[in-house]
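Here the structure comes first, spelled out in structure tokens, and everything after it is commentary.
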Amino acid sequence: MAKKSAIDYVCQSCGTVYPKWQGKCDACGEWNSIVEEKKPSAEFSNLSSKKQGNLIDFVSLNGESQTYQRLVTNLSEINRVSGGGLVPGSVILVGGDPGIGKSTLLLQICAGVANKFPNNSCFYISGEEAIDQVRIRAKRLGLADAPVRLASTTSVKDIIATLEKENPSLVIIDSIQTMYIDDVESTPGSVAQVRAAAYELIKIAKKKGFILFLVGHVTKQGSIAGPRVLEHMVDTVLYFEGDRGHHFRILRAVKNRYGATDEIGVFEMQDNGLIEVENPSALFLAERQGCVSGSCVFAGIEGSRPLLVEIQALVGNSGYTGAKRAVVGWDSNRLAMILAVLEARCGMNFSTHDVYLNIAGGLKITEPAADLAVAMAVISSMTNKPLPADMVVFGEIGLSGEIRAVSQPTLRLKEAQKLGFSNAIIPNSFAKDKKQKLITGMTYHEIGNVQRLISRFN
Ligand code: TYD
Ligand code: MG
């Protein structure tokens with residue numbers, strides 16, 4: 001029998017294992033992310049041992065199940081994103097770009113829980129920063145007196161030996177990429193180390209029933225293992241996003257075994273830490289200029305919460321350089337589709353025009369319900385006709401130019417009304433849905449297709 005190679009080739013971005021080196025990972029499409037790693041030994045591959053497994057007891061679906069006693073933190077945005085509070089024994093991965101504010105957020109959570117529940121022991125273990133650095137941050141946040149137990153180490157064995165002796169309620173590991181187990185022969189930050197360290201930490205969290213937060217950096221280079229390899233091992237994955245040039249940050253749940261996903265928490269980064277934003281719509285619309293062409297307010301929904309944002313478009317002559325398209329905060333393919341629909345169904349011509357689209361404030365929108373608002377911003381810029389300042393818009397655009405209904409129109413309109421908007425352009429299938437009640441006090445313009453939309457600008 002051929003001797004088995006002791007080496008695997010592992011993609012550092014998604015964790016796929018190959019028998020041979022190759023330039024591009026077939027699974028995630030990343031280039032140059034595959035590196036040589038020694039095969040993990042005993043722990044993960046002991047199925048070949050002679051010992052037989054035990055028999056499994058099967059039960060029926062219908063039976064008593066445990067209800068979770070959630071730990072409700074003092075940060076309501078965290079409670080919202082986690083589905084009503086943190087579940088003991090659950091593991092939460094917080095991913096995000098370096099410098100976005102993960103350590104700040106987790107120190108605030110840890111100190112907040114420690115202050116609120118003085119009988120619980122809360123641990124903050126930093127592998128990235130020295131004790132002094134964390135202390136300076138705690139002072140800056142005004143949380144230096146919180147009964148948090150702080151340590152700076154990178155050894156998973158030491159952490160596990162210590163936690164075995166304690167009775168922790170909450171443990172923060174900042175970050176998982178700095179942790180290492182000396183039995184695993186790979187450098188800290190490699191997929192093998194990250195996975196083994198996370199596996200051991202998750203095991204003890206489940207055994208002892210404490211809440212475990214793992215911080216993971218997202219890197220595009222692939223030299224450090226992205227947290228994507230951990231996503232299926234943990235219960236909840238939160239992404240902390242935001243534009244460094246802007247002061248607000250969004251915490252987004254992308255996976256949650258104990259609550260809804262797509263829920264967002266909104267924070268503002270200030271001198272003394274992250275402040276929760278109770279009314280995100282007001283924040284995102286704060287710098288709006290009123291009656292300017294190319295600006296349209298979209299009434300969106302993020303998770304269970306309505307959110308109003310300004311969509312800005314700028315259409316200009318492209319001269320001889322070829323038409324440019326640039327999009328910030330939205331899908332560029334979707335913009336291309338909308339421009340194509342406007343060209344095909346309304347006779348507009350963008351082939352000699354540059355089109356720039358921006359979601360004001362740096363928010364990323366994924367809802368197709370923003371189509372209509374994008375189309376209106378583009379037409380408004382193209383025709384140089386501003387839209388009324390008190391108007392909100394929502395609706396999805398189909399390829400034949402039809403405007404389709406979107407979910408939760410009432411919630412969107414209520415939020416708009418609360419913020420002083422009195423005019424709305426909405427899909428005309430809205431009224432057909434008899435369950436939805438129209439809100440009084442707002443004027444509606446129901447619209448069925450993009451051709452009708454153009455006529456509003458004439
Ligand atoms: P940090 O939490 O260290 O980011 P991460 O752990 O994701 O790498 O925070 C990074 C930035 O936040 C840093 O550039 C400074 C800024 N910051 C504030 O603006 N206000 C504050 O109170 C704190 C603690 C940090
Ligand atoms: Mg940090």
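All values derive from a computational prediction rather than experimental measurement. Counting starts at 1 for both ligands and their atoms, in listed order.
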Please step through side chain to side chain donor-acceptor pair (under 3.5 Å) for the pair Glu310 and Ser295, ending with a clear verdict.
CA-CA 7 Å; Glu310 183 191 358; Ser295 156; 2.8 Å; yes

Evaluation steps, side chain to side chain donor-acceptor pair (under 3.5 Å), between Ser126 and Asp174:
CA-CA 5 Å; Ser126 178; Asp174 186 4; 4.9 Å; no

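Using a 4.5 Å heavy-atom cutoff, the side chains of Leu372 and Ile403 are in contact. Considering only heavy atoms from C-beta on, Asp371 comes within 4.5 Å of Trp330 through its side chain.
In this structure, Gly99 has a heavy atom closer than 4.0 Å to ligand 1. The closest approach between a heavy atom of Glu128 and any atom of ligand 1 is not below 4.0 Å.
Leu71 pairs in a side chain to side chain contact (heavy atoms under 4.5 Å, CB included) with only one of the listed residues (Val87, Leu170, Asn120), which is Asn120.
Looking at atom 7 (O) of ligand 1, its nearest protein heavy atom turns out to be Lys102 N, 2.8 Å. The protein heavy-atom contact nearest to atom 22 (O) of ligand 1 is Gly273 N, 2.8 Å. In terms of protein heavy atoms, atom 16 (C) of ligand 1 is closest to Met269 CE, 3.9 Å. Protein heavy atom at the shortest distance from atom 3 (O) of ligand 1 is Arg137 NH2, 2.9 Å. Gly101 N, 3.1 Å is the protein heavy atom nearest to atom 4 (O) of ligand 1.
The nearest N, O or S atom of Ser103 is closer to the Mg ion (ligand 2) than 2.8 Å.
Counting heavy-atom neighbours within 6.0 Å of Asn279 CG, excluding the residue itself, gives a total above 12. The environment of Arg137 atom CZ is dense: over 12 non-hydrogen atoms of other residues, nucleotides or ligands sit within 6.0 angstrom. Lys139 NZ: 12 or fewer foreign heavy atoms inside a 6.0 Å radius.
Checked by distance only, ligand 1 and Arg140 come closer than 3.5 Å through their nitrogen or oxygen atoms. Below 3.5 Å of separation, one finds no N or O of Glu129 facing any N or O of ligand 1. Between Pro98 and ligand 1, not a single N/O pair is under 3.5 Å apart.
Among Ile275, Val215, Thr104, the residue whose heavy atom lies nearest to atom 1 (P) of ligand 1 is Thr104.
Checked by atom type, the side-chain pair Ser186/Gln193 shows no donor-acceptor distance below 3.5 Å. Between the side chains of His217 and Asp97, not a single donor N or O lies within less than 3.5 Å of an accepting N or O.
Judged by a 6.0 Å distance limit and a 45° cone about the ring axis, Arg412 is positioned over the six-membered ring of Phe394.
Here is the list of ligand 1 atoms found below 4.0 Å of a heavy atom in Ser103: 2 (O), 5 (P), 6 (O). Contact atoms of ligand 1 toward Gln270: 18 (C), 19 (O), 20 (N), 21 (C), 22 (O) (distance under 4.0 Å to a heavy atom of the residue).
Residue-level proximity to ligand 1 for Asn272 is carried by the backbone, the only part with a heavy atom below 4.0 angstrom. Counting heavy atoms under 4.0 Å from ligand 1, residue Leu141 touches it through the side chain alone.
Distance remark: protein heavy atom not present below 4.0 angstrom from atom 13 (C) of ligand 1.
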